[in-house]
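On a predicted model such as this, the values are computed, not experimentally measured, just so you know. Basis for what follows: all heavy atoms, side chains included, without hydrogens, waters or symmetry-related copies.
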Amino acid sequence: MIVRQAALLCLFAIPTIVAAQDAGPTAALEPFVEDGSLAGAVVLVADKDKTLFTGTVGYSDLKTKTPMKADATFWIASQSKSITAAAFMILVDEGKVKLDDPVDKYLPEMKDIWVAVEKDKDHMLLKRPTKPMTVRHVLSHTSGMPFASRMETPTLDGLTLRDAIRSYAMTPLQSEPGTKYQYSNAGINTTGRIIEVVSKMPYEEFLAKRLLYPLGMMDTTFWPDEAQSARLAKAYKPNASKKGYEEMTISQLDYPLTARKRQPMPAGGLFSTAADVGRFCRMMLNGGTLDGKRVLSEAAVKEMTTRQTPTDLKESYGLGWSVGGTSYGHGGAFATDMMVETKQGLVLVYLVQSGGFIGDGGKAKGAFQQAAIKEFGKGK
């Protein structure tokens with residue numbers, strides 16, 4: 001098993017080179033770089049058939065003034081949720097799991113779970129859930145599970161999925177399943193463990209064999225190798241004066257990032273490139289196929305991108321995707337973002353590494369998206 005996994009993981013190291021362009025939507029981002037509110041970014045625009053534009057602005061390293069390159073790697077964080085959900089839907093397509101099955105059908109340790117109905121600093125009152133927590137609930141953040149368990153410290157990548165599930169089973173739900181929206185890494189990690197149990201292979205192996213490799217996403221991994229690490233864009237946060245940026249580490253993950261002792265985190269552990277994220281989103285926009293190869297059924301894509309949260313809640317979330325209007329997408333902790341605009345027939349990928357912005361840096365994503373739709377949208 002160790003040899004097989006090592007061989008599999010080596011495949012993640014194959015670089016994907018993306019040619020950058022210097023015009024187009026990046027022009028909308030240049031003012032943010034010039035005034036120092038944006039360190040650097042890689043952006044990509046695609047339709048269902050091909051990449052239309054890839055561009056870079058700014059720097060991957062402010063200290064050395066290293067220009068951002070199109071093949072830079074980024075921690076895409078919670079964008080991993082959409083990718084994990086897609087891998088899970090492969091099993092749904094194959095009839096091996098059902099969205100409305102109770103989670104404990106696949107993970108018996110979750111059968112003895114409780115709901116906290118009253119809580120203060122001195123006591124907690126627990127009760128049994130009135131209805132079972134389903135697979136649909138955990139994929140749509142309506143399971144009642146918290147963001148993480150207390151055992152997921154000091155970083156979120158320290159537990160195997162098997163141990164993580166045990167910690168979730170000991171953690172009371174914060175609300176009745178299906179009644180409230182609670183953004184939950186634990187929920188998406190739970191689906192990763194179901195993948196392991198049902199497929200009888202490690203989650204990361206299933207993800208690679210059944211989704212990443214078929215899509216040609218060879219630069220997407222939980223463990224960036226030395227070459228990928230050398231291409232990793234530096235992460236920044238506002239300094240104490242709020243007038244400039246200082247370098248930061250990814251506090252949610254253990255270091256070194258190349259270490260295999262780190263556990264795969266389905267809810268937020270992936271590193272990737274604009275080219276790889278673009279390929280994933282093109283598959284979604286094309287109803288489950290990419291370059292003539294079917295990965296998901298059209299029904300699975302529709303299920304993922306249709307609102308699953310109750311209509312009386314303000315949050316609109318599908319299965320692993322935020323959904324609304326004519327678009328669906330997902331962001332990451334360091335402000336990365338991917339959006340599929342179905343009316344315009346476009347994929348918009350925006351990759352940065354920022355733990356907060358100074359000035360108007362937070363408006364850069366919107367400026368890119370508007371410029372991209374104006375130039376490449378159907379209404380141009």
Asks: Run the salt bridge (Lys or Arg N to Asp or Glu O under 4.0 Å) test on Asp112 and Arg128 for me, step by step, so that the C-alpha distance in whole Å, both residues' side-chain angles and the decisive distance to 0.1 Å come before the verdict.
Replies: CA-CA 9 Å; Asp112 194 35; Arg128 294 293 186 188; 2.7 Å; yes
Asks: Does Lys65 qualify as a cation-pi partner of Tyr59, given the criterion of NZ or CZ under 6.0 Å from the six-membered ring centre and within 45 degrees of its axis?
Replies: yes
Asks: How long is the gap from OH on Tyr245 to CG on Leu62, to the nearest 0.5 Å?
Replies: 9.0 Å
Asks: Would Leu270 and Met265 show up in the same hydrophobic cluster when neighbours are defined by side-chain heavy atoms closer than 4.5 Å?
Replies: no
Asks: For Lys363, what residues pass the salt bridge (charged side-chain N to carboxylate O under 4.0 Å, His left out) criterion, not counting sequence neighbours?
Replies: Asp360
Asks: Strictly by modelled atom types, are Tyr328 and Ser82 linked by a side-chain donor-acceptor pair under 3.5 Å?
Replies: no
Asks: Cut-off 3.5 Å, side chains only: do Gln182 and Ser175 have a donor facing an acceptor?
Replies: no
Asks: In a check of side-chain contact (heavy atoms from CB on, under 4.5 Å) between Met110 and each of Val138, Ile194, Val103, which one passes?
Replies: Val103
Asks: Heavy-atom count check: over 12 atoms from other residues, nucleotides or ligands less than 6.0 Å from Arg294 CZ?
Replies: yes
Asks: Apply salt bridge (Lys or Arg N to Asp or Glu O under 4.0 Å) to the pair Glu94 and Arg210, showing each step before the final yes or no.
Replies: CA-CA 12 Å; Glu94 294 175 347; Arg210 301 299 306 277; 2.5 Å; yes
Asks: For the NE2 atom of His330 and the OG1 atom of Thr336, what is their distance to the nearest 0.5 Å?
Replies: 10.0 Å
Asks: Please lay out, stage by stage, how Gln308 and Glu303 fare under the test side-chain hydrogen bond (donor to acceptor under 3.5 Å, both in side chains).
Replies: CA-CA 8 Å; Gln308 304 288 333; Glu303 194 81 62; 3.3 Å; yes
Asks: Classify the side-chain pair His141/Tyr183 by whether it contains a donor and acceptor separated by less than 3.5 Å.
Replies: no
Asks: Are Trp223 and Tyr255 close enough that their ring centres sit under 6.0 Å apart?
Replies: no
Asks: Less than 3.5 Å apart, any donor N or O on the side chain of Thr73 or Gln228 sitting next to an acceptor on the other?
Replies: no
Asks: CG of Asp291 to NZ of Lys293: how many Å apart, nearest 0.5 Å?
Replies: 8.5 Å
Asks: Looking just at side-chain N and O atoms, do Thr309 and Arg307 make a donor-acceptor pair shorter than 3.5 Å?
Replies: yes
Asks: Regarding Glu298 and Lys302, does a basic nitrogen lie under 4.0 Å from an acidic carboxylate oxygen?
Replies: no
Asks: Quick one: do the Lys81 and Ser78 side chains pair a donor with an acceptor below 3.5 Å?
Replies: yes
Asks: Should the pair Lys237-Glu246 be classified as a salt bridge under the 4.0 Å nitrogen-to-oxygen rule?
Replies: yes
Asks: Is it the case that Tyr203 and Gln263 place a side-chain donor and acceptor less than 3.5 Å from each other?
Replies: no
Asks: Once rounded to the nearest 0.5 Å, what's the spacing between atom OG1 of Thr191 and atom CD of Glu196?
Replies: 10.5 Å
Asks: Checking Asp157 now: which residues fulfil side chain to side chain contact (heavy atoms under 4.5 Å, CB included) with it, not counting sequence neighbours?
Replies: Thr155, Leu253, Asp254, Arg262
Asks: State whether the number of non-hydrogen atoms from other residues, nucleotides or ligands found under 6.0 Å of Lys119 atom NZ is greater than 12.
Replies: no
Asks: Can you measure from CG (Asp225) to CZ (Phe271) and round to the nearest 0.5 angstrom?
Replies: 11.5 Å
Asks: Does the distance from a Lys or Arg side-chain N to an Asp or Glu carboxylate O, for Asp47 and Arg282, drop under 4.0 Å?
Replies: no
Asks: Which pair of heavy atoms, one from Ala41 and one from Leu38, lies closest together, and at what distance?
Replies: CB-CD2, 4.4 Å
Asks: Could you walk me through whether Lys127 and Glu118 pass the salt bridge (Lys or Arg N to Asp or Glu O under 4.0 Å) test, one step at a time?
Replies: CA-CA 10 Å; Lys127 66 179 287 291; Glu118 289 183 20; over 6 Å; no
Asks: To the nearest 0.5 Å, what is the distance between CZ on Phe74 and CZ on Phe334?
Replies: 12.5 Å
